Amino acid sequence: MSIEQFGVYVLTMRDETRIASIERQMSQLGMSFQYIDATVLEKSEHADLPIDSDAIQGRYGRMLTKGEVSCFVSHRRIWQQVVDAGKPCVIFEDDALIERELPAFLDRLSDTNAPFDVVLLGHSKKDHRRKTLYHFFEPLKRWSPIGAFKLGRGFKTWPSGAVGYVVTPAGATRLLEASTTIRCVLDDWPHFESKGVKVQEVRPLLVWEDFINIESSLEGDRQTPSRRKIFFMARVLRGCLRHLQSRKDD
């Protein structure tokens with residue numbers, strides 16, 4: 001299988017700046033794609049799926065916003081399209097920043113026998129300008145080589161975004177079966193793993209969220225200078241320990 005045999009979908013809100021950015025990148029990468037219009041709900045209760053409020057409150061200590069419910073419903077619609085297409089697909093959100101190495105990785109991925117339902121290509125809310133440091137902080141716990149790339153799972157499995165990922169038809173089927181009721185945010189991959197979905201990640205990451213055009217996305221992550229320094233030192237120590245524990249699968 002070659003890269004041309006992957007379906008490519010871009011979930012979009014039809015924002016002009018985002019459209020211009022994603023179309024420029026896709027043209028540079030030589031990738032054909034199809035837009036999927038995002039679902040925008042006026043109220044969470046308008047979703048066409050039941051919402052398990054008790055499960056959500058118990059997991060996060062809060063309820064989902066209408067934006068999170070809209071996101072969940074939007075991606076679920078794409079999963080059904082993956083099943084219907086009968087081939088693996090790459091799904092992007094329209095604020096994605098895509099590394100030029102992505103096509104090479106997809107070519108390698110198509111030839112691997114490594115088991116996966118979903119491959120996370122990127123993490124949301126992370127600054128691509130500091131990607132070298134981020135890769136040091138977040139290595140894979142166990143991994144297999146895929147050409148120049150590593151495929152595996154990280155040390156911490158947290159909701160890491162859905163800015164870019166690959167999903168197989170079998171994986172999409174499992175995601176659909178695990179999401180007939182909304183019990184989590186869309187990118188709570190640990191929840192889906194608990195339902196039998198095999199989730200992997202690539203290193204280096206190949207997709208980032210565009211913080212240049214969406215500056216407000218950084219606001220919630222900012223810390224005071226003193227706390228930031230302490231937090232940074234703790235992450236450096238943790239990164240060193242994780243690299244000592246990181247290992248290649250036999």
Side-chain angles (χ1 to χ4, degrees), residues 1-36 75 78 82 85 87-114 116-140 143-154 160-168 171 187 189 199-215 217-218 239 243 246 248:
M1 184 189 298
S2 65
I3 184 175
E4 289 79 14
Q5 292 173 280
F6 283 86
V8 181
Y9 298 110
V10 175
L11 185 65
T12 182
M13 298 282 289
R14 298 289 178 176
D15 175 83
E16 291 183 2
T17 299
R18 295 183 177 202
I19 290 288
S21 174
I22 201 71
E23 290 187 353
R24 181 179 63 254
Q25 294 179 80
M26 291 296 188
S27 176
Q28 292 170 348
L29 294 169
M31 295 178 67
S32 300
F33 69 98
Q34 176 182 342
Y35 282 123
I36 302 294
H75 280 266
I78 301 180
V82 175
K87 62 181 179 181
C89 295
V90 189
I91 300 170
F92 299 103
E93 294 181 338
D94 62 3
D95 57 352
L97 285 174
I98 307 169
E99 301 282 5
R100 63 179 181 272
E101 295 83 4
L102 177 63
F105 171 71
L106 293 177
D107 276 333
R108 288 287 188 175
L109 185 65
S110 67
D111 293 331
T112 184
N113 293 321
F116 68 88
D117 291 319
V118 173
V119 175
L120 304 181
L121 301 173
H123 291 171
S124 297
K125 303 294 185 288
K126 305 303 175 186
D127 191 342
H128 72 280
R129 296 166 296 185
R130 300 180 178 179
K131 57 188 176 184
T132 299
L133 188 60
Y134 185 68
H135 287 140
F136 173 78
F137 287 152
E138 302 296 341
L140 297 176
W143 52 271
S144 299
I146 307 291
F149 308 94
K150 295 178 180 179
L151 187 68
R153 201 64 173 101
S160 52
V163 67
Y165 60 99
V166 177
V167 60
T168 66
D187 62 334
W189 301 111
V199 180
Q200 299 280 70
E201 302 178 45
V202 64
R203 291 294 187 278
L205 295 175
L206 298 169
V207 183
W208 305 83
E209 187 174 345
D210 190 349
F211 286 127
I212 295 174
N213 294 316
I214 314 174
E215 296 180 2
S217 295
L218 284 173
H243 276 279
S246 175
K248 178 180 176 181

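Any value given below was found using the heavy atoms of this structure, including those in side chains, with hydrogens, waters and symmetry copies removed. All of these numbers come straight from a predicted model, not from anything done at the bench.
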query: Hey, does Phe33 have a side-chain heavy atom less than 4.5 Å from the side chain of Glu23?
result: yes
message: Counting C-beta onward and ignoring hydrogens, is there a side-chain heavy-atom pair between Leu151 and Leu109 closer than 4.5 Å?
response: yes
task: Check whether any side-chain heavy atom of Phe92 lies under 4.5 Å from a side-chain heavy atom of Leu102, and answer yes or no.
output: yes
- request: Would you indicate whether the side-chain heavy atoms of Ile98 and Met26 approach each other to under 4.5 Å?
  value: yes
statement: Rounding to 0.5 Å, atoms CD (Glu101) and CG (Leu29) come to a distance of 9.5 Å
- line: For Glu209 and Leu97 the tightest heavy-atom approach is O-CD1, 4.2 Å
query: If you round to the nearest 0.5 Å, how far is CD of Gln28 from CZ of Arg100?
result: 11.0 Å
Nearest heavy-atom neighbours spanning Leu120 and Val118: CD2-CG1, 3.9 Å
message: Using only atom types and a distance under 3.5 Å, with no angle test, would you say the side chain of Asp94 pairs donor to acceptor with the backbone of Ile22?
response: no
message: Closer than 4.0 angstrom, basic N to acidic O: yes or no for Lys131 and Glu99?
response: yes
field: Euclidean distance, Gln200 CD relative to Phe116 CZ, rounded to 0.5 Å
entry: 9.0 Å
field: Approximate separation, where rounding is to 0.5 Å, of Thr168 OG1 and Asp117 CG
entry: 5.0 Å
Student check: side-chain heavy atoms of Phe6 and Cys89 closer than 4.5 Å: no
query: To the nearest 0.5 Å, what is the distance between OG1 (Thr112) and CD1 (Ile146)?
result: 3.5 Å
message: If I compare all heavy atoms of Ala162 with all of Ser124, which pair ends up nearest, and what's the gap?
response: N-OG, 3.8 Å
- request: Could you tell me whether Arg14 atom CZ has more than 12 heavy atoms of other residues or ligands within 6.0 Å of it?
  value: yes
- prompt: Less than 4.5 Å apart, any side-chain heavy atom of Val202 and any of Val166?
  reply: no
message: Check whether Arg203 reaches the backbone of Glu138 with its side chain - one donor and one acceptor, N or O, closer than 3.5 Å.
response: yes
message: Quick one, Trp189 and Asp187 - any side-chain contact, counting heavy atoms below 4.5 Å?
response: yes
- prompt: Is a side-chain N or O of His135 found less than 3.5 angstrom from the main chain of Leu205, in a donor-acceptor match?
  reply: yes
field: Any Ile19 side-chain heavy atom under 4.5 Å of Tyr35 side chain
entry: yes
field: Stacked cation flag Arg130 on Phe137, 6.0 angstrom / 45 deg
entry: no
query: Do any N or O atoms from the side chain of Ser110 and from the backbone of Asp107 form a donor-acceptor pair under 3.5 angstrom?
result: yes
task: Taking all heavy atoms of Pro103 and all of Met31, pick out the closest pair and write down the distance.
output: CG-SD, 4.5 Å
query: Do Gln25 and Ser21 have side-chain N/O donor and acceptor atoms under 3.5 Å apart?
result: yes
- request: May I have the step-by-step check of side chain to side chain contact (heavy atoms under 4.5 Å, CB included) for Trp208 and Val163, ending in yes or no?
  value: CA-CA 7 Å; Trp208 305 83; Val163 67; over 6 Å; no
- request: Show the numbers, then the answer: is there a side chain to side chain contact (heavy atoms under 4.5 Å, CB included) between Glu201 and Leu140?
  value: CA-CA 8 Å; Glu201 302 178 45; Leu140 297 176; 4.0 Å; yes
- prompt: How far does CD1 of Ile91 sit from CG of Leu121, to the nearest 0.5 angstrom?
  reply: 10.0 Å
field: Minimum-distance pair of heavy atoms, taken over all atoms of Tyr134 and His123
entry: OH-ND1, 2.6 Å
